[in-house]
Amino acid sequence: MSQKFDHHAAEARWQAAWDAAQSYRADDDSAKPKAYVLEMFPYPSGRIHIGHVRNYTMGDCLARTRRMQGFEVLHPMGWDAFGMPAENAAMERGIHPGGWTRDNIAAMRAQLKRLGFAIDWSRELATCEPEYYGQEQALFLDLLAAGLVYRKESAVNWDPVDMTVLANEQVIDGRGWRSGALVERRKLSQWFLRITDFAEELLEGLAGLDAWPDKVRLMQENWIGKSQGLRFTFQVADSDSSFDVFTTRPDTLFGASFAALAPDHPLIAELAAGDPGLAAFVAEARAGGTSAADVETQEKKGYDTGLSVIHPLDPAIRLPVFAANFVLMDYGTGAIFGCPAHDQRDLDFARKYALPVTRVVAPEGEAETPVQNEAYTGPGRLVHSRFLDGMDVDSANAEVIARAEADGWGQGVTQYRLRDWGVSRQRYWGTPIPIVHCAACGAVPVPRDQLPVVLPEDVSFDIPGNPLDRHPTWGRVDCPSCGAPARRETDTLDTFVDSSWYFIRFASGPVDRPFDPEIAARWLPVGQYIGGVEHAILHLLYARFWTRALHRIGRIGITEPFAGLFTQGMVTHETYQAPDGRWLSPDEVDIRGGVASIIGSDAIASIGRSIKMSKSKRNVVDPDAIIATYGADAVRWFMLSDSPPERDLAWSESGIDGAARFVQRVWRLASDLAEAGTTAGDADPKLARVVHKTIAAITGDIDKLQFNKAVARLYELTAAIERADASPTRDEAIPVLLRLVAPMAPHLAEEAWAAVGQPGLIVDAPWPVADPALLVDDMVTIAVQVNGKLRDSFEAAKGAARDAIEAEALARDKIVRALDGKAPKKIVVVPDRLVNLVA
RNA sequence: GCGGACGUGGCGAAACCGGUAGCCGCAGCGGACUUAAAAUCCGCUUUCCCCUGGAAGUGCGGGUUCGAGUCCCGCCGUCCGCACCA
């Protein structure tokens, strides 16, 4: 009888066949409608992990479906290949980051190919190659020329041992994560991109992204952090100095009892020079951690500068000026006025330093109720505020802003939390910033004909710090402008720059330019982008910004790069722990009947809940091993089944067993048909209905990326075909099933398609189309409820008259019994659905 | 602290617009085939009870409705994001 489906042979055979036919090559010149399906490209860490497999399987399923539906599909793959892990590997093993990265890419590419993804490999790119980053340098210079790039001094976290800049996440308890050295704040001259110029349009653009998850839009909205308020100047009494503050609550100005400046504020720096106490306070404030936990527990502290400022609405009022640890230099103006009654932080501060607390907003009748330990931030009317008294908060805000503008001491402004994007990294393994520093000419762009600025290969990582800084020759160049000896910029670009435009380069990647706008326009924007939520803010915001920046300088026609976005869940796995608390890997236990016995011992492991795979919990599974055992199709099938794609998927041995079983079931259907040949006789209208309903449902499910539902329906269809008696309908149903399965299990589908004698490759076969006539049933089940409780049900012709249904319902034995002789007070009839009798 | 999502069998989950809760899969139980096992196939599988049937049931408590997993109000819990943002 039928042989088992041999996944090893089928995978090799069909992957070769697709390659030979160049099945997944995207044709720029195709007349077909275009579909651009993209998954976030991976960092080449060394091995594909199961999360990647899930991500790419989803995209692949969609891409394959679109292909069969007649779209010209662009489904590319590349490598986000610059970044720290390569440098860390270089330091640890004394190898070159480039070699390490390229080896990893080769290994991971082979892994992806084993899964049979429908990828146009001719468009593959790696961001670490000069062909890519050289074009990025060109775009950087374009943005520089357009004034969207600038250079300024900025504080960084400096690790004095590793001689490198650390990201905030790399600073743990004030120490470098790798060296353990106390981190210093250093000022460095760094390059910035003017993303804040785009704050408003990035915010407004979110409204149009209706195929994005609300969650991501909201996260971006919060990140941009728009707020409106008043910016005004405080004059320091008996002095020429002044400073600006920003507030969203100008209405509470009469409740002000102090002003406070960030420890990093320039005015504080000035004063600290002559005030050792203040200098000590500043040093102490800087030492305080910036982590969430630190901030939460940190006490509000201040230092009285001895200065006072003049209240803008009444020169007679003077407010003391403090340096305060809770005022941030990088939001607003780095200075505030404190209104303790209506701001919790100000209240805490005021209590500590015995400053007045004056209520200026109160709900009805509470004007004289003192504010105790909780600041009042609710609605109400202004009190103790002279000309503002009696106004509501909004009117008072507007009134104060109007006066400030009329009298010239302040103005209404919109403030954003978003800051300009600092892109300088003091590292080797990144895109060199194409700038030359000349003593006479300043920062000079590298001329276009000298791009790319290529990273030198002869570098070593045995000494800490950026090897570009100590390279003997690379940094020495002549100034492109005056010809005098000059030095290269040794900083490289943040790797988020690399990933901000790769999707454009996929659409069009000429050798002499970053992209061809006309060709790129044929594909962009990306129709469906799929990746993890962890990129909800940074990557997705930067890519949106980069696209808008290119749009502003006339390089591209679109403003939004990703029309549709889907954020998929993680793949999790149960955890196993030995009685002594040691974590066990899945292949150290044998699970039967919910009990995990430890292999090679008679002890029982405790089973923990399914959580994110991590090395420390040892609950990681290796895709390669699983593909070898179960086959690519079973793995792909499992990745799409069970859990909704936006939720986490719990990997389990039994789950993948089930998937492998299904592959065999489909294969059996096909090979039995191949053996038996076609059937003569009558059609099977019941089966035909099932087939067509399934076609319609699955098409919709895949459109909505609800792969788990599509999978459930395919199980049902398979079961229905298995159960059906031989008929021409059944013979036709099997190739339909194969086409529906093809996006998920393509090797199986090809093998079976060939076995049943269908012509050509199934990947080129058209997607089945449901016959609308077969989607409607002529009989429906009517539920009969008494007082809302189901008592009976019966079959009726679809569209049957209300009276007839009502009469039938009342005549049913069970209903007569349930009503117990009483006449219903009310009868609700929902045609084709139910009858509810209210007794 | 602020913002958001979610909560349904032993488990992963379905359920169009408010209309028969639990499709499908996993695990489990029973059976068939087999010398046996594997594989495969068939059946059962929310809980409880006085079991030809009945009651309860979608985190908890209320409400709207002929009818609520779905809508409204208030809690509880879990997860995620941001975090001294003036």
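So you know, we letter chains A, B, ... as the sequences are listed, proteins then strands, and number each from 1. All values reported here derive from a predicted model rather than from experimental measurement.
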Q: Can you check each nucleotide of nucleotides 50-55 of chain B against protein heavy atoms at under 4.0 Å and return B for base, S for sugar-phosphate only, - for none, in 5' to 3' order?
A: -----S
Q) Nearest to the side chain of A/W223, which nucleotide is it out of B/A86, B/A83, B/G3? A) B/A83
Q) Any ion pair linking A/R419 and A/D330 (charged N to carboxylate O, less than 4.0 Å)? A) yes
Q: State the syn/anti category of B/C51 according to its glycosidic angle, syn meaning within 90° of 0.
A: syn
(Q) Using the salt bridge (charged side-chain N to carboxylate O under 4.0 Å, His left out) criterion, which residues pair with A/E221? Sequence neighbours excluded. (A) none
Q.
Rounding to an integer number of Å, can you tell me how far A/D214 CG sits from B/G81 P?
A. 18 Å
Q: Determine the interatomic distance between C1' on B/C2 and the same-named atom on B/C73; round to the nearest Å.
A: 22 Å
Q. Which whole-number value in Å describes the distance from A/M219 CE to B/C2 P?
A. 19 Å
Q) With a non-hydrogen cut-off below 4.0 angstrom, is A/V327 in contact with a base, only sugar-phosphate, or nothing? A) base
Q) Does a side-chain heavy-atom distance below 4.5 Å link A/K352 with A/E299? A) yes
Q | Nearest to side-chain heavy atoms of A/R417, which nucleotide of B/C84, B/G81, B/C82 | A | B/C82
Listing, residues 210-218 of chain A side-chain donor-acceptor contacts under 3.5 Å, not counting sequence neighbours, or none:
| unit_1 | atom_1 | unit_2 | atom_2 | d |
| --- | --- | --- | --- | --- |
| A/W212 | NE1 | A/F562 | O | 2.7 |
| A/D214 | OD1 | A/R217 | NH2 | 2.9 |
| A/R217 | NE | A/L209 | O | 3.4 |
| A/R217 | NH1 | A/L206 | O | 3.1 |
| A/R217 | NH1 | A/L209 | O | 3.2 |

Q: Answer yes or no: does a side-chain N or O of A/R345 lie under 4.0 Å from OP1 or OP2 of B/C85?
A: yes
Q. What residue pairs, at least two apart or across chains, pass ring-ring contact (aromatic ring centres under 6.0 Å, His included) with a residue in residues 690-710 of chain A?
A. none
**Q.** Contact list for residues 336-348 of chain A, test salt bridge (charged side-chain N to carboxylate O under 4.0 Å, His left out), sequence neighbours left out
**A.** A/D343-A/R345
Q.
What is the separation between atom CZ on A/F662 and atom C1' on B/C41, rounded to the nearest whole Å?
A. 17 Å
Q: Quick one: the dot-bracket string of RNA chain B, using Watson-Crick and G-U wobble pairs with both distances under 3.5 Å, [ ] for crossing pairs and | for bases paired to another strand.
A: (((((((..(((......[....))).(((((.......))))).((((...))))..(((((..]....))))))))))))....
Q.
Going by the glycosidic torsion and a 90 degree boundary from 0, is the base of B/C76 oriented syn or anti?
A. anti
Q. Taking CD1 from A/I336 and P from B/C84, how many angstroms apart are they, rounded to a whole number?
A. 13 Å
(Q) Using atom P in both nucleotides, what's the gap between B/C11 and B/U47 to the nearest angstrom? (A) 11 Å
(Q) Taking the nucleotide of RNA chain B with the nearest heavy atom to each, does A/Y331 or A/N787 sit closer to the 5' end? (A) A/N787
**Q.** A/L319 backbone acceptor or donor facing A/H311 side chain under 3.5 Å
**A.** no
Q) Say you pick atom C1' in B/G7 and the same atom in B/G61; how far apart are they, in whole Å? A) 16 Å
Q.
Could you work out, with salt bridge (charged side-chain N to carboxylate O under 4.0 Å, His left out) as the rule, every residue matching A/E574, not counting sequence neighbours?
A. none
Q: List the protein contact pattern of nucleotides 5-26 of chain B with one symbol per nucleotide (5' to 3'): B for base contact, S for sugar-phosphate-only contact, - for none; contact means a heavy-atom distance under 4.0 Å.
A: -------BSSSB--BB--SSSS
(Q) Using atom C1' in both nucleotides, what's the gap between B/U58 and B/U46 to the nearest angstrom? (A) 11 Å
(Q) For residues 697-722 of chain A, which residue pairs pass the salt bridge (charged side-chain N to carboxylate O under 4.0 Å, His left out) check, not counting sequence neighbours? (A) A/R66-A/D703, A/R665-A/E722, A/D701-A/R713
Q. Does B/G4 adopt a syn or an anti glycosidic conformation, taking syn as a chi angle within 90° of 0?
A. anti
Q. Looking only at atom C1', what distance separates B/A55 and B/C6, rounded to whole Å?
A. 30 Å
Q: Could you tell me the separation between the CZ atom of A/F5 and the P atom of B/U40, rounded to a whole number of Å?
A: 16 Å
Q: Just jot down the salt bridge (charged side-chain N to carboxylate O under 4.0 Å, His left out) partners of A/D251, sequence neighbours excluded, or say none.
A: A/R249
Q) CZ of A/F258 versus C1' of B/A86: gap in Å, rounded? A) 10 Å
Q) Once you round it to whole Å, what is the distance between P of B/A27 and CD of A/E574? A) 12 Å
Q.
Between A/F258 and A/V321, is there a side-chain heavy-atom distance shorter than 4.5 Å?
A. no
Q | Rounded distance (Å) that lies between atom P of B/U40 and atom CD of A/Q664 | A | 8 Å
For residues 331-341 of chain A, dump all side-chain donor-acceptor pairs below 3.5 Å to protein atoms at least two apart in sequence or in another chain.
| unit_1 | atom_1 | unit_2 | atom_2 | d |
| --- | --- | --- | --- | --- |
| A/Y331 | OH | A/S227 | OG | 3.0 |
| A/T333 | OG1 | A/D244 | O | 2.7 |
| A/T333 | OG1 | A/A335 | N | 3.4 |
| A/T333 | OG1 | A/A335 | O | 3.3 |

Return all side-chain donor-acceptor pairs below 3.5 angstrom for residues 824-834 of chain A, not counting sequence neighbours, or 'none' if the list is empty.
| unit_1 | atom_1 | unit_2 | atom_2 | d |
| --- | --- | --- | --- | --- |
| A/K825 | NZ | A/A839 | O | 3.3 |
| A/D832 | OD1 | A/G799 | N | 2.8 |

Q) Expressed in whole Å, how much space separates the P atoms belonging to B/C48 and B/A39? A) 31 Å
**Q.** Rounded P spacing from B/A38 to B/G28 in Å
**A.** 12 Å
**Q.** Distance between C1' atoms of B/G69 and B/A15 (Å, rounded)
**A.** 9 Å
